[in-house]
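Inspection log for the structure reproduced underneath, given as structure tokens.
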Amino acid sequence: MNHWLMKSEPDVFGIADLKSRPNQTEHWDGVRNYQARNFLRAMQRGDEAFFYHSSCANPGVAGIVRIVRSAYPDPSAWDPESPFHDPRSAPEKPVWLMVDVKLVRELKRVILLHELKANAALKNMRLVSRGSRLSVMPVTAKEWNAILKMERD
DNA sequence: GCCAACGTTGGC
DNA sequence: GCCAACGTTGGC
């Protein structure tokens with residue numbers, strides 16, 4: 001099983017929103033970056049991901065989700081009304097993908113970005129590397145466990 | 001293929 | 001709101 005980290009702005013869609021969805025499941029649409037899309041494509045059903053809150057007062061890891069459906073076309077790309085509209089994508093030739101995620105659990109507390117940066121075990125983590133803007137990224141097993149340990153400490 | 005201009009992300 | 005870092009676009 002692989003591990004991932006997925007960013008979302010809690011003002012738009014936070015972990016509380018996921019929790020309130022039917023079956024605590026939602027599709028993860030709106031990814032419009034090729035590298036992030038390729039990571040979506042690499043996700044397998046059963047993989048787990050950290051739900052990261054970005055662009056907010058307290059950025060950090062807020063919870064854990066499970067990939068319950070692997071990548072499939074993101075229809076918001078060909079919806080002219082959608083803020084994610086991209087005319088390069090069409091139903092017969094989709095460019096952008098999404099997955100379905102289900103809430104596993106909220107963390108007992110949000111593990112804040114500044115804490116992650118201060119943890120030597122996460123020095124090489126993609127998230128804390130300078131100017132990282134990827135909204136979907138892989139997390140190594142070591143990093144995954146180090147963050148879960150921070151929740152317990 | 002290079003690279004300047006531009007738009008976006010996201011922490012602060 | 002600012003702005004650094006990054007990805008993308010488009011002229012050449």
Side-chain angles (χ1 to χ4, degrees), chain A residues 2-21 26-43 47-67 70-101 103-140 142-151 153:
Chain A
N2 289 312
H3 295 104
W4 309 92
L5 182 142
M6 305 170 84
K7 294 182 185 173
S8 186
E9 299 183 24
D11 295 341
V12 180
F13 183 79
I15 196 146
D17 297 300
L18 179 60
K19 197 175 183 178
S20 71
R21 291 295 191 271
E26 185 57 282
H27 47 264
W28 198 277
D29 62 359
V31 171
R32 295 293 179 270
N33 169 284
Y34 288 102
Q35 211 178 346
R37 181 205 60 186
N38 294 342
F39 286 135
L40 285 179
R41 187 180 274 150
M43 288 178 172
D47 284 357
E48 288 187 332
F50 284 131
F51 192 123
Y52 179 88
H53 281 171
S54 67
S55 294
C56 59
N58 298 303
V61 175
I64 297 172
V65 300
R66 179 175 296 113
I67 311 305
S70 59
Y72 60 107
D74 177 352
S76 68
W78 53 76
D79 174 6
E81 302 300 311
S82 169
F84 304 125
H85 179 233
D86 182 347
R88 286 172 296 186
S89 190
E92 59 280 7
K93 208 174 177 233
V95 175
W96 302 114
L97 303 173
M98 62 185 188
V99 297
D100 289 356
V101 302
L103 182 68
V104 173
R105 64 180 182 89
E106 288 185 84
L107 296 193
K108 290 200 281 288
R109 61 186 189 86
V110 175
I111 314 296
L112 298 169
L113 177 62
H114 73 81
E115 298 179 70
L116 300 173
K117 283 181 173 169
N119 186 340
L122 302 176
K123 232 170 98 173
N124 297 318
M125 192 179 177
R126 217 157 167 150
L127 180 75
V128 303
S129 74
R130 224 158 69 103
S132 167
R133 288 170 25 184
L134 261 188
S135 63
V136 179
M137 68 184 81
V139 173
T140 67
K142 259 173 79 176
E143 292 161 351
W144 182 269
N145 291 327
I147 291 170
L148 290 182
K149 183 168 187 300
M150 293 172 81
E151 182 193 19
D153 290 343

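Because only heavy atoms are used, hydrogens play no part in the values below, and waters and symmetry mates are left out as well, while side chains stay in. Naming convention: chains lettered A, B, ... in sequence-line order (proteins, then strands); numbering from 1 in each chain.
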- Under the salt bridge (Lys or Arg N to Asp or Glu O under 4.0 Å) test, residues paired with A:Lys149 that sit two or more places apart: A:Asp153
- Message: Under the rule for ring pair (Phe, Tyr, Trp, His ring centres under 6.0 Å), what residues qualify as partners of A:Trp144, not counting sequence neighbours?
- Response: A:His3, A:Phe50
- Message: Could you work out, with side chain to side chain donor-acceptor pair (under 3.5 Å) as the rule, every residue matching A:Ser129, not counting sequence neighbours?
- Response: none
- Query: What's the shortest heavy-atom distance between A:Leu97 and A:Ala71, and which atoms?
  - Reply: CD1-CB, 4.0 Å
- Query: What residues form a side chain to side chain donor-acceptor pair (under 3.5 Å) with A:Gln35, not counting sequence neighbours?
  - Reply: none
- Identify, with sequence neighbours excluded, every residue that meets side chain to side chain donor-acceptor pair (under 3.5 Å) alongside A:Asp100. A:Tyr72
- Note on the structure: Sorted by number, residues from residues 108-132 of chain A placing a heavy atom under 4.0 Å from DNA chain B are A:Leu113, A:Lys117
- Message: Short of 4.0 Å, heavy atom to strand atom, which residues of residues 83-93 of chain A count as contacting DNA chain C?
- Response: A:Arg88
- Contact class for A:Ser54 vs. all strands (heavy atom < 4.0 Å): base, sugar-phosphate, or nothing? sugar-phosphate
- Contact span of DNA chain B against chain A, any nucleotide atom under 4.0 Å from a heavy atom, 5' to 3', runs B:dG7 to B:dC12
- Message: Listing request: all side-chain hydrogen bond (donor to acceptor under 3.5 Å, both in side chains) pairs with a residue in residues 83-92 of chain A, at least two apart in sequence or in separate chains.
- Response: A:Asp86-A:Arg88, A:Asp86-A:Trp96
- Message: Run the ring pair (Phe, Tyr, Trp, His ring centres under 6.0 Å) test against A:Phe51 and tell me which residues pass, sequence neighbours left out.
- Response: A:Trp28, A:His53
- Qualifying residues under side chain to side chain contact (heavy atoms under 4.5 Å, CB included), relative to A:Asp17, sequence neighbours excluded: A:Phe13, A:Arg21
- Please name all residues satisfying side chain to side chain donor-acceptor pair (under 3.5 Å) with A:Arg32, sequence neighbours left out, ordered by chain then number. A:Asp74, A:Ser76
